[in-house]
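Note that ligands are numbered from 1 as they come in the structure, with each ligand's atoms numbered from 1 the same way. FYI, the numbering just counts along the sequence from 1. As the structure is a computational prediction, the values presented were derived from the model and not from experiment.
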Amino acid sequence: MEVFDYEDIQLIPNKNIIKSRSEADTSVKFGPKTFKIPVVPANMETVINDELAVWLAQNDYFYIMHRFQPEKREGFIKMMHSKDLYASISVGIKPEEYEFIDQLVADNQKPEYITIDVAHGHSDYVIQMIHYIKEQLPDSFLIAGNLGTPEAVREIENAGADATKIGIGPGKACITKLKTGFGTGGWQLAALRLCSKAARKPMIADGGIRFNGDIAKSVRFGASMVMIGSLLAGHEETPGNLISIDGKKYKQYWGSASERQKGAYRNVEGRQMLVPYRGHIADTLTEMQQDLQSSISYAGGRKLSDITKVDYVIVKNSIMNGD
Ligand SMILES: NC(=O)C1=CN([C@@H]2O[C@H](COP(=O)(O)OP(=O)(O)OC[C@H]3O[C@@H](n4cnc5c(N)ncnc54)[C@H](OP(=O)(O)O)[C@@H]3O)[C@@H](O)[C@H]2O)C=CC1
Ligand SMILES: Nc1nc2c(ncn2[C@@H]2O[C@H](COP(=O)(O)O)[C@@H](O)[C@H]2O)c(=O)[nH]1
């Protein structure tokens, strides 16, 4: 098995066929809608809130609202629909989540996207929830995760999920690999490649994105969408508190399985940290789009899927050489 991560790979250029990078089409159809770029901010409390979700939906970006204020989710769906925007929410798998789905059905609230978001998604309890949601809300596009193996992708797709989310332990705020010894941390890109061999439906690559070029690499190895936490958490519009230290600005970022998120030290697999402040998220997303347009041109293509065909080399830990 070839084992590598984002920093170990370089994609090999093909002859350019476009006159300007602006001709390259970065859009992606994911579920019922088409988005500007294959990037989704992580469904974490320090990355997404209502205001940012509205802005992202209004501007043709994908978002997934987190599930850590469960009582606000139905109101969130109503608020998005009242503005004629799509609603995209997360759920867990505990008994009260079944009641939440029942409530949505009773109130005729149908989110366009639902993500089952648990640490270890290859589980009969996740499969039960997939069956339940597909029965109760068959028109919602259902994403399930997180997974890290082709077997998991096959089983979760067969259970009825419309897309899977791949990544166990590669996140910046993650300590799963240290506390449990398991996961795709350190070989997330290779794990994505393995999963793509089994996948018949779209995959979201989740965690480990440190540079804009990692988005193109994720697409090359099979991702339809790329979930990003730490690299997007440092913006004016993201919910973490702004903190100044020695004249430098930072924002708070914490893991969804951190003590900070859970309010207790039980099954903690995440940590709290500071990420550099980066200004407005619109500028970062525009830069990501421009970099991706450049990637498409280096791939010798015109559209995002052209990146999936390029060759690559493994250059172990050396892409920063020469910096
Ligand atoms: N992508 C990643 O690598 C990781 C992501 N996270 C994020 O943290 C948040 C909290 O996740 P999670 O703890 O799953 O949410 P929950 O607290 O909702 O747990 C999910 C359910 O699964 C049960 N469970 C059994 N085994 C496991 C296991 N190995 N890991 C997790 N749950 C298990 C839990 O019971 P009990 O709590 O009693 O065990 C609980 O009932 C999510 O947003 C998740 O995405 C967390 C860790 C890793
Ligand atoms: N193991 C843990 N993983 C977590 C936790 N909270 C979130 N996450 C995952 O990280 C990604 C974001 O990764 P990044 O590298 O872009 O910062 C996120 O989407 C989750 O899948 C956690 O507490 N523990």
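- Ligand 2 has an N or O atom lying under 3.5 Å from an N or O atom of K172, backbone or side chain.
- Contacts between V118 and ligand 1 below 4.0 angstrom, taking non-hydrogen atoms only, involve backbone and side chain alike.
- The shortest N or O to N or O distance between I228 and ligand 2 is not below 3.5 Å.
- Distance screen at 4.0 Å: atom 22 (O) of ligand 1 has a protein heavy-atom neighbour inside the cut-off.
- Considering backbone and side-chain atoms alike, D117 places an N or O below 3.5 Å from some N or O of ligand 1.
- When only interatomic distances are considered, the shortest N/O to N/O separation between A119 and ligand 1 falls below 3.5 Å.
- Per-residue contacts place N146 under 4.0 angstrom from the following atoms of ligand 2 (heavy atoms of the residue considered): 21 (O).
- Distances shorter than 4.0 angstrom do not occur between any heavy atom of W254 and any atom of ligand 2.
- With Y6 as the aromatic partner, R210 does not meet the cation-pi criteria of under 6.0 angstrom to the ring centre and within 45 degrees of the ring axis.
- If you check which protein heavy atom lies closest to atom 28 (C) of ligand 1, you get H120 CB, 4.0 Å.
- Checking atom 25 (C) of ligand 1 against the protein gives no heavy-atom contact under 4.0 Å.
- For atom 1 (N) of ligand 1, a protein heavy-atom neighbour is present inside the 4.0 Å cut-off.
- Of the polar atoms of M44, none of the N or O atoms is found under 3.5 Å from an N or O of ligand 2, judged by distance alone.
- Contact between G167 and ligand 2 is absent, with no heavy atom of the residue lying under 4.0 Å from the ligand.
- Considering only non-hydrogen atoms, atom 36 (P) of ligand 1 lies nearest to R266 out of E45, Q188, E269, R266.
- For atom 9 (C) of ligand 1, the nearest protein heavy atom is under 4.0 Å away.
- If you look at R271 next to ligand 2, there are no close heavy atoms at all, none under 4.0 Å.
- Protein non-hydrogen atoms do reach within 4.0 Å of atom 45 (O) of ligand 1.
- Of all the atoms in ligand 2, the ones that sit under 4.0 Å from a non-hydrogen atom of E269 are 1 (N), 2 (C), 22 (C), 23 (O), 24 (N).
- Where the criterion is an N or O separation shorter than 3.5 Å, residue side chain and backbone included, P170 fails it with respect to ligand 1.
- Taking CD1 from I215 and CE from M225, the interatomic distance works out to 11.0 Å, rounded to the nearest 0.5 Å.
- By the definition of a contact as any protein heavy atom under 4.0 Å away, atom 34 (C) of ligand 1 is not in contact.
- Taking distance alone, with nitrogen or oxygen atoms compared against 3.5 Å, N43 stays at or beyond that limit from ligand 2.
- The shortest heavy-atom distance from K165 to ligand 1 is not under 4.0 Å.
- Using a 4.5 Å heavy-atom threshold, the side chains of K251 and T238 count as touching.
- Contact analysis leaves L231 out of contact with ligand 2, as no non-hydrogen atom separation drops below 4.0 angstrom.
- Using a 4.0 Å cut-off between heavy atoms, R210 contacts ligand 2 through its side chain alone, with no backbone atom that close.
- Checked by distance only, ligand 2 and G169 stay at 3.5 Å or farther apart across all their nitrogen or oxygen atoms.
- Side-chain contact check for Y277 versus E236: some heavy-atom pair is nearer than 4.5 Å.
- Distance check: L304 CG to I37 CD1 gives 10.0 Å after rounding to the nearest 0.5 Å.
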